[in-house]
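Read the structure below first, then the notes.
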Amino acid sequence: MRKRPIGLPDKDTWQLIENNLPEPSDGEFLIKCEYISLDPAMRGWLNDSKSYIAPVQINEVMRAGGVGKIIKSNNKDFKVGEYVYGQTGVQQYVITDGKGYHKVDPDLAPLPMYTGTLGMTGMTAYFGILEVGELKEGDTVLVSGAAGAVGSVVGQIAKIKNCKVIGIAGGADKCKYLIDELGFDGAIDYKNDDIKGRLKEYFPKGIDVYFDNVGGEILDLALGRLALHARIVICGAISQYNNKTPIKGPSNYLALLVNRASMKGMVVFDHAKDYAQASIQLGQWINQGKLKSKEDIYDGIENFYETFLKLFSGEKLGKLVLKVSEN
Ligand SMILES: NC(=O)c1ccc[n+]([C@@H]2O[C@H](COP(=O)([O-])OP(=O)(O)OC[C@H]3O[C@@H](n4cnc5c(N)ncnc54)[C@H](OP(=O)(O)O)[C@@H]3O)[C@@H](O)[C@H]2O)c1
């Protein structure tokens, strides 16, 4: 990372550089990264402000989750040929002592899935809707960013739990995908529909759980349609991440009072001790055909910047992944 962006990052935010490969020291191993996870949170890590994790510093390697194969090892717990997931950064090779890395099995699931449904975004969806959202069978559920990595899994989990699920996404094609492919009960195209009117149609008795990935105006409109004892999960606010002015908060917040509702923030890392159990459940649902995992994969580390922008333009479906080297 070369400079801190204001608003939407421009091309000069990052620079691609080439170095000779160093050798792993005692206790270390060398990974050849194959897939890098592209996440909206990366935008937040560029800001020099207090958050749940320290910002990336200027001239540091851009932080990112990634999955790759161990090609040299001086660490007895990590062997050559094994695959691992961890904070590789946006790079083709990384040396590590293994702290924060875990092994993944390419025979159980395709590698890119470990960056998404079986990785950070799947965990976010699982704990966000089931624990933070306290989902109950039969709830009416609204999820924004619904065709994205987290939202698409949230909606499908809620369907598995026999809830009525409505997704919000940008464009008719994504809305059709939510209903036809993922089994949502309905969808709202926030770029073209009358959101308030559609919420009234879909939720005549109100929303029990709103899973918020976008913040801004959509959060305000959802607040205006809550059911008694509703729960709002504040997972993210992508509509605000590139603001040049302060983040716009909800003005409709007294709806929480009237409906005895709650709004709770979440950070996925708080659930780390239970990731293994969640992965088993998500994997079972995938195997049973109850949960679809969609990865949208682009190619080439030199295309990092253009691919990253797709998170904000919405020109992608499901989990955005960058392939940075061949197997
Ligand atoms: N709290 C946590 O621990 C945690 C963990 C992971 C992710 N998150 C958050 O969860 C949210 C979703 O993450 P994700 O990985 O699943 O990303 P994603 O949904 O796969 O990608 C972002 C999507 O956001 C939509 N979008 C972009 N700008 C928007 C806007 N102005 N208004 C409404 N929608 C907009 C785009 O879809 P459309 O085409 O539909 O616009 C885009 O595809 C993000 O806010 C992220 O920061 C939080």
Keeping the roles fixed (side chain from Arg231, backbone from His229), state whether a donor-acceptor pair exists under 3.5 Å.
yes

Please report the closest heavy-atom contact between Asn162 and Glu137, naming both atoms and the distance.
ND2-OE1, 2.9 Å

Do the side chain of Asp39 and the main chain of Met42 share a donor and acceptor less than 3.5 angstrom apart?
no

Taking atom CG of Asp105 and atom CG of Leu111, what is their separation to the nearest 0.5 Å?
9.5 Å

Between Phe211 and Gly128, what is the shortest heavy-atom contact and its length?
CE1-C, 3.6 Å

Other residues, nucleotides and ligands only: do more than 12 of their heavy atoms fall within 6.0 Å of CD on Gln92?
yes

Considering only heavy atoms from C-beta outward, does the side chain of Glu23 approach that of Ile95 to under 4.5 Å?
no

When hydrophobic residues are tied together by side-chain contacts of less than 4.5 Å, even through go-betweens, does Ile280 share a cluster with Leu282?
no

Where the side chain of Asn259 meets the backbone of Ala261, is there a donor-acceptor pair that is under 3.5 Å apart?
no

Would you say Ile71 and Val104 are hydrophobically clustered, going by side-chain heavy atoms of ILVMFWY under 4.5 Å?
no

Any link between Trp45 and Leu8 through a network of hydrophobic side chains (Ile, Leu, Val, Met, Phe, Trp, Tyr) touching at under 4.5 Å?
yes

Flag for Asn74-Glu28: side-chain donor and acceptor within less than 3.5 Å
no

For side chain to side chain contact (heavy atoms under 4.5 Å, CB included), just list the numbers for Tyr210 and Ser144, CA-CA rounded to whole Å, side-chain angles, deciding distance to a tenth of an Å, and then say yes or no.
CA-CA 8 Å; Tyr210 172 45; Ser144 55; 2.9 Å; yes

Separation between CG of Leu178 and CD1 of Ile166, rounded to the nearest 0.5 Å
10.0 Å

Residues Leu219, Ile232; criterion side chain to side chain contact (heavy atoms under 4.5 Å, CB included); working and verdict:
CA-CA 9 Å; Leu219 170 57; Ile232 298 182; 4.2 Å; yes

Would you mind checking if Lys164 and Asp139 are paired as a salt bridge, meaning a charged N to carboxylate O distance below 4.0 Å?
no

Exactly one of Leu46, Val61, Val90 clears side-chain contact (heavy atoms from CB on, under 4.5 Å) with Met1, and that residue is Leu46

Over 60° means perpendicular and under 30° means parallel, so tell me whether Tyr101 and Phe29 are parallel, tilted or perpendicular.
perpendicular

Set out, in order, the CA-CA distance, both residues' side-chain angles and the distance that settles side chain to side chain contact (heavy atoms under 4.5 Å, CB included) for Met266 and Thr124, then state yes or no.
CA-CA 8 Å; Met266 72 163 292; Thr124 306; 4.0 Å; yes

Aromatic plane relationship, Phe304 with Trp14 - under 30° parallel, 30 to 60° tilted, over 60° perpendicular:
perpendicular

Are the side chain of Asn75 and the backbone of Asp77 linked by a donor-acceptor contact shorter than 3.5 Å?
yes

Side chains of Tyr93 and Pro22 in contact at under 4.5 Å (non-hydrogen atoms)
no

Lys79 atom NZ, over 12 foreign heavy atoms within 6.0 Å
yes

Heavy-atom side-chain contact between Val132 and Phe127 under 4.5 Å
no

Would the number of heavy atoms belonging to other residues, nucleotides or ligands and lying under 6.0 Å from OH of Tyr52 be above 12?
yes

Considering all heavy atoms of both residues, which atom of Gly155 and which atom of Phe184 are nearest to each other, and what is their separation?
CA-CZ, 3.5 Å

Distance check, rounded to the nearest 0.5 Å: Asn192 atom CG versus Asp189 atom CG?
4.0 Å

Do Thr88 and Ile36 come within less than 4.5 Å of each other through their side chains, counting heavy atoms only?
yes

Using modelled atom types only, decide if a donor and an acceptor are shared between the side chain of Lys11 and the backbone of Thr13 within a distance under 3.5 Å.
no

Keeping the roles fixed (side chain from Lys72, backbone from Ile31), state whether a donor-acceptor pair exists under 3.5 Å.
no

Between Pro55 and Ser49 the two heavy atoms that sit nearest each other are CD-O, 4.2 Å

Counting only heavy atoms from other residues, nucleotides and ligands, does the tally under 6.0 Å from CG of Asp173 exceed 12?
no

Please check if the number of heavy atoms outside Lys3 that lie under 6.0 Å from its NZ is greater than 12.
yes

Can you find a heavy atom in the side chain of Asp296 that is under 4.5 Å from one in the side chain of Lys310?
no

Just by distance, with hydrogens left out, do Gln240 and Asn243 show a side-chain donor and acceptor under 3.5 Å apart?
yes

Roughly how far, to the nearest 0.5 Å, is OG of Ser152 from NZ of Lys174?
10.5 Å

Does this structure show an ion pair linking Lys159 with Asp185, if we count only N-O contacts that are shorter than 4.0 Å?
yes

Look at Arg198 together with Asp193 and state whether they make a salt bridge at an N to O cut-off of under 4.0 Å.
yes

Heavy-atom distance under 4.5 Å between the side chains of Ile218 and Ile195, does that happen here?
yes

Tell me, do Tyr298 and Phe308 make a side-chain contact under 4.5 Å, heavy atoms counted?
no

Could you tell me whether Glu181 and Lys292 have a side-chain N and a carboxylate O separated by less than 4.0 Å?
yes

Distance check, rounded to the nearest 0.5 Å: Leu30 atom CG versus Thr96 atom OG1?
10.5 Å

Is Tyr202 linked to Leu135 within one hydrophobic cluster, defined over Ile, Leu, Val, Met, Phe, Trp and Tyr using a side-chain heavy-atom separation of less than 4.5 Å?
yes

Any Ser251 side-chain heavy atom under 4.5 Å of Asp220 side chain
yes

Positive for side-chain contact (heavy atoms from CB on, under 4.5 Å) with Met263, one of Asp212, Leu226, Leu256, Val233:
Leu256

Tell me whether Val154 shares a hydrophobic cluster with Tyr126, the cluster being built from Ile, Leu, Val, Met, Phe, Trp, Tyr side chains joined at under 4.5 Å.
yes

Answer yes if the ring centres of Tyr114 and Tyr85 are under 6.0 angstrom apart, and no otherwise.
no

With a 6.0 Å cut-off (strictly less than), is the heavy-atom count around NZ of Lys103, excluding the residue itself, greater than 12?
yes

The single option from Leu320, Val321, Ile301, Ile297 passing side-chain contact (heavy atoms from CB on, under 4.5 Å) against Thr307
Leu320

Any side-chain donor near an acceptor of the partner, Lys319 and Ser37, under 3.5 Å
yes

Regarding Glu82 and Lys69, does a basic nitrogen lie under 4.0 Å from an acidic carboxylate oxygen?
no

Should the heavy atoms of other residues, nucleotides or ligands under 6.0 Å from CD1 of Ile53 be counted, would the total exceed 12?
yes

Without hydrogens or angle criteria, can the side chains of Thr117 and Ser293 be said to hold a donor-acceptor pair below 3.5 Å?
yes

Roughly how far, to the nearest 0.5 Å, is the CZ atom of Phe78 from the CD1 atom of Ile70?
6.5 Å

Go through the side-chain N and O atoms of Arg2 and Asn59 and say whether any donor and acceptor fall under 3.5 Å apart.
yes

Between Arg63 and Glu60, is there a salt bridge with N-O shorter than 4.0 Å?
no

What is the ring orientation for Tyr241 with Phe312, classed by angle as parallel under 30°, tilted 30 to 60°, or perpendicular over 60°?
perpendicular

Would you sort out whether Gln57 and Arg4 count as a side chain to side chain contact (heavy atoms under 4.5 Å, CB included), showing the intermediate values?
CA-CA 9 Å; Gln57 298 301 323; Arg4 297 202 183 281; 3.5 Å; yes

